[in-house]
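Given the structure is predicted, the values throughout are model-derived calculations rather than measurements.
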Amino acid sequence: MSPVSSAKSTDEIELATRTPLPSSHSTLALTPASSSLGERHGSDVPVMLNESSLAPVDGGIGAWSFLLAAFFVEAIVWGFPAANGIFLDSYLATQKYSSQPHAMSILPVIGPLGSGTIYCSGIVLYPLCGRYPYHRRTSMWVGVVLAWASLFAASYMTNVVAILFFEGGLYGVAGSLLYAPCMSYLSEWFVNKRGMANGVVFAGTAVGGLIIPLTLPQLIQAYGLPKTIRIFSVAIVVILAPLLPLVRPRIPDSRTRQQIPAPQSKEWMKNTTIWIALAANTLQGFGYFVPIVWLPTFARELHVTTSQSALTVAFLNGASVFGRLSMGYLSDVLNPFFLAISTLLSTSLVTFIVWGLLSRNLAGLLSFGIAYGMLAGGWSSLWTGFVRPVAKENPSLNTTLFGYFLLSRGLGNILSTPISSGLLTGSTVDMTKAFPLSGGKYENMIIYVGTCFAGAAGISLFGWALELKQRVRRSAS
């Protein structure tokens with residue numbers, strides 16, 4: 001090697017930590033910790049990579065195949081907790097589970113514990129994905145195996161605490177290992193269309209939440225609850241194993257000598273609007289998950305069949321597909337606070353009027369599920385709109401802020417279930433109440449959900465006003 005070329009080869013750029021994401025036009029150098037070339041020369045020799053070899057962003061077979069696979073990962077990981085209301089209804093209807101001490105408090109927490117663990121783990125797993133990117137694909141395979149093992153083991157448990165551990169906690173850990181690496185790849189594949197891509201991926205939750213509740217009642221009736229959970233555990237492996245090879249990085253992972261990324265600026269912490277968005281996100285989370293958990297049980301008060309009660313969650317999740325796709329698209333072109341105010345206020349009104357007053361029969365309850373799914377289901381697709389002005393073209397900061405949004409919503413996901421359980425058990429029968437179904441049994445729960453959304457709308461209005469004020473100041477200066 002000539003001295004000139006040797007000098008050039010030591011001019012290294014670490015691709016994995018470069019911001020903004022590279023397009024596809026120049027030559028970069030990667031420095032593997034141990035490559036065949038380095039081993040032959042007895043030292044670390046940078047490997048030149050022409051960026052034209054990288055797949056394009058925002059399109060192309062690589063981006064679209066990733067998006068398709070990520071959609072299915074989302075559908076499986078989140079679809080099971082989203083269908084928890086069906087399992088809860090079956091557990092409460094089975095004497096050997098419902099008769100155990102504290103079963104009424106423990107069983108409703110199973111699904112929220114699983115999804116809440118996935119939400120809250122992001123703040124830990126996203127930095128780890130950035131620091132050790134070459135472990136992301138291994139993490140996903142471990143997640144698949146653990147998801148199967150957790151549900152397979154839960155299917156043999158009869159004690160409600162053991163079911164909570166395996167079906168709730170351990171499944172949540174498995175889902176976290178699957179979900180965080182998958183989402184960390186998204187900011188590599190999509191830049192200008194990231195809002196749209198997020199909407200498509202998040203729609204996977206809605207599709208999973210639509211299909212799974214429609215199939216569960218028939219499976220439970222034919223095979224029983226334990227065997228149904230066993231079937232679902234096997235289905236996870238069968239569906240995801242062929243798709244995981246498509247969930248891959250656009251930028252090649254390398255074991256670089258410098259494993260610790262450059263210190264990330266904390267300037268974003270001074271941004272008031274991002275904290276306001278996180279506050280609204282938290283309060284929205286405290287209300288959003290309550291109907292998903294309780295609608296099938298609520299439907300039983302209308303004396304409908306198990307299959308009909310499952311339709312309430314299926315319709316809600318199905319309508320969320322429209323909400324997530326539309327909000328993802330709109331977040332690329334409209335102010336996220338304006339969208340937040342619109343969807344939060346509308347959801348609050350729908351909760352009080354349609355759920356509280358008009359859900360006296362199955363048609364009314366299904367109407368609420370559809371309206372609620374369309375309006376409230378698209379909330380998470382707004383996160384990109386809140387994050388974009390702060391993170392700009394920095395993918396590392398983008399995933400960090402995404403982790404904070406997951407964490408704040410996860411707190412609401414976990415805590416809202418015991419709160420709503422307390423509101424339900426603390427209600428007294430009184431036919432003169434404002435929401436008199438079942439003697440007003442669900443009145444406190446309905447008021448709680450509607451108030452959470454109204455409060456989140458108020459916070460978003462404050463954030464929008466503050467943002468407009470800051471914009472006027474910048475224009476004046």
Side-chain angles (χ1 to χ4, degrees), residues 78-98 103-104 106-112 114-115 163 167 205-229 231-232 288-321 350-351 354-374 376-377 416-417 420-421 423-425 427 435-443 445-446 449:
W78 293 100
F80 185 78
N84 179 65
I86 309 300
F87 290 107
L88 174 62
D89 193 41
S90 297
Y91 279 128
L92 293 178
T94 306
Q95 186 68 18
K96 70 175 180 179
Y97 302 118
S98 60
M104 188 63 185
I106 294 173
L107 291 173
V109 180
I110 294 174
S115 55
I163 295 172
E167 192 177 318
T205 301
V207 172
L210 168 65
I211 296 174
I212 294 173
L214 292 178
T215 58
L216 285 179
Q218 287 76 18
L219 290 173
I220 292 173
Q221 185 176 2
Y223 301 106
L225 184 57
K227 189 171 288 188
T228 297
I229 296 175
I231 292 171
F232 192 86
Y288 174 72
F289 298 96
V290 174
I292 295 175
V293 173
W294 290 105
L295 276 188
T297 305
F298 183 92
R300 276 191 175 271
E301 304 288 348
L302 302 176
H303 307 291
V304 299
T305 66
T306 302
S307 297
Q308 288 175 325
S309 67
L311 288 176
T312 58
V313 175
F315 276 38
L316 188 156
N317 288 318
S320 296
V321 175
V350 163
T351 300
V354 184
W355 190 15
L357 298 177
L358 303 181
S359 297
R360 298 173 182 267
N361 50 46
L362 182 60
L365 193 57
L366 292 178
S367 298
F368 166 71
I370 294 171
Y372 188 86
M374 290 177 62
S416 64
T417 300
S420 60
S421 297
L423 293 172
L424 181 64
T425 57
S427 298
F435 308 117
L437 183 68
S438 298
K441 182 180 177 182
Y442 293 88
E443 180 179 73
M445 186 184 296
I446 294 169
V449 173

Below 4.5 Å, heavy atoms only, C-beta onward: do [X] and [Y] meet side chain to side chain?
| X | Y | value |
| --- | --- | --- |
| P112 | V293 | yes |
| S420 | W294 | yes |
| L302 | L365 | yes |

Quick one: do L316 and I370 satisfy side chain to side chain contact (heavy atoms under 4.5 Å, CB included)? Show the steps, please.
CA-CA 5 Å; L316 188 156; I370 294 171; over 6 Å; no
Has S416 got a side-chain atom pairing as donor or acceptor with V290's backbone, closer than 3.5 angstrom?
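No; zero donor-acceptor contacts below 3.5 Å.
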Hey, does the side chain of T297 reach the backbone of D89 with a donor-acceptor pair shorter than 3.5 angstrom?
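Not confirmed, T297 side chain does not pair with D89 backbone.
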Can you tell me which residue among L107, T228, I220 is in a side-chain contact (heavy atoms from CB on, under 4.5 Å) with S90?
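Output: one option passes, namely I220.
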Heavy-atom pair with the smallest gap, counting every atom of [X] and [Y]:
| X | Y | answer |
| --- | --- | --- |
| A371 | V350 | CB-CG1, 3.9 Å |
| I212 | A83 | CG2-CB, 3.6 Å |
| P213 | A310 | O-CB, 3.5 Å |
| P296 | T312 | N-OG1, 3.7 Å |
| P81 | S115 | CB-CB, 3.8 Å |
| T417 | P108 | CG2-O, 3.1 Å |

Interatomic distance, [X] atom [atom1] to [Y] atom [atom2] [nearest 0.5 angstrom]:
| X | Y | atom1 | atom2 | value |
| --- | --- | --- | --- | --- |
| L216 | I211 | CG | CD1 | 11.5 Å |
| L295 | S309 | CG | OG | 10.0 Å |
| T215 | F232 | OG1 | CZ | 8.0 Å |
| F298 | L424 | CZ | CG | 10.5 Å |
| L214 | L219 | CG | CG | 11.5 Å |
| E443 | K441 | CD | NZ | 14.0 Å |

In terms of the angle between their ring planes, are Y372 and Y288 parallel, tilted or perpendicular, with boundaries placed at 30° and 60°?
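Parallel, since the angle between the ring planes stays under 30°.
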Quick one: sort the F368 and W355 rings into parallel, tilted or perpendicular, breaks at 30° and 60°.
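Judged by the thresholds at 30° and 60°, the geometry between F368 and W355 is parallel.
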For side chain to side chain contact (heavy atoms under 4.5 Å, CB included), just list the numbers for I110 and F87, CA-CA rounded to whole Å, side-chain angles, deciding distance to a tenth of an Å, and then say yes or no.
CA-CA 9 Å; I110 294 174; F87 290 107; over 6 Å; no
Test side chain to side chain contact (heavy atoms under 4.5 Å, CB included) on I446 and T351 and set out the steps.
CA-CA 7 Å; I446 294 169; T351 300; 4.2 Å; yes
May I have the step-by-step check of side chain to side chain contact (heavy atoms under 4.5 Å, CB included) for Q218 and S307, ending in yes or no?
CA-CA 8 Å; Q218 287 76 18; S307 297; 3.8 Å; yes
